[in-house]
Amino acid sequence: MWKAIKNLLKKANQQSENKSEENHIDLFHPNYTESNASMDEIFATNFNAGGGHFLFCDNNDEAFQNLKEIVKYENVTELICLDKQLQQILTTIDVPFVEKPNDSRYTLSFLNCEFLIAFDGSIMLSAHQTCGRNIDDFPTNFIIYARPSQLVENVGAALQKLRTLKKDNLPSKITSIRGKNMHKFPNVQNAKNIYLLLVEE
């Protein structure tokens, strides 16, 4: 299915360049659930339409290459990274990192996430990813590392999964971040510049 998503996103990007919005799924329309789009298509389309940068990766090697390309494109020398496993990835590809999210010298953060929300193309984060810090402590540019199994239909389903999967260690400070152009509302809360590395399991 995610191979089809790659083709869908290529098509959406091409149409976006031509100022066409035929692939945008308006989730605020009452009949959006009647469409034939699958949940993964809905997420991918709306994340992309909201201004996010979606990179599907067939394996870790492709993810590592995309990560290096993002770092080069954003012209940064170090990433903010608080997660030990993600720090190992950065060490593997020789990308330096710091653990100072509120230091203005650093502009790009590398984080895991809790879930990918299909309903509005947003990404759910919690204190487990931010190490207890508020999302406002971080700069507005993010690289998010995620797996297809983290896709859920809506916030309610995400919260229910959290209660099931982390019932003995429920996170605090649960929030969602969204692309800058989310549904044409540029001032939407928590609008960010987001690169999503979705890595096949």
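The basis for the numbers below is simple: all heavy atoms, side chains too, and nothing from hydrogens, waters or symmetry mates.
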(message) If the condition is ring pair (Phe, Tyr, Trp, His ring centres under 6.0 Å), which residues does H128 pass it with, not counting sequence neighbours?
(response) none
(message) Between R105 and E78, does any side-chain N to carboxylate O distance fall below 4.0 Å?
(response) no
So do [Y] and [X] actually touch side chain to side chain, heavy atoms under 4.5 Å?
| X | Y | result |
| --- | --- | --- |
| Q85 | Y145 | no |
| I80 | L108 | no |
| V155 | I117 | yes |

Determine whether a donor-acceptor pair (N or O, by modelled atom type, separation under 3.5 Å) exists between the side chain of [X] and the backbone of [Y].
| X | Y | answer |
| --- | --- | --- |
| N48 | A44 | no |
| E201 | S149 | yes |
| N102 | D137 | no |
| Q87 | C81 | yes |

(request) Classify the ring geometry between F43 and F47 as parallel (under 30°), tilted (30 to 60°) or perpendicular (over 60°). (result) parallel
(message) Tell me if the CG atom of N59 is crowded by more than 12 foreign heavy atoms within 6.0 Å.
(response) yes
(request) Step through the shown structure and confirm whether more than 12 heavy atoms of other residues, nucleotides or ligands are within 6.0 Å of CD on E99. (result) yes
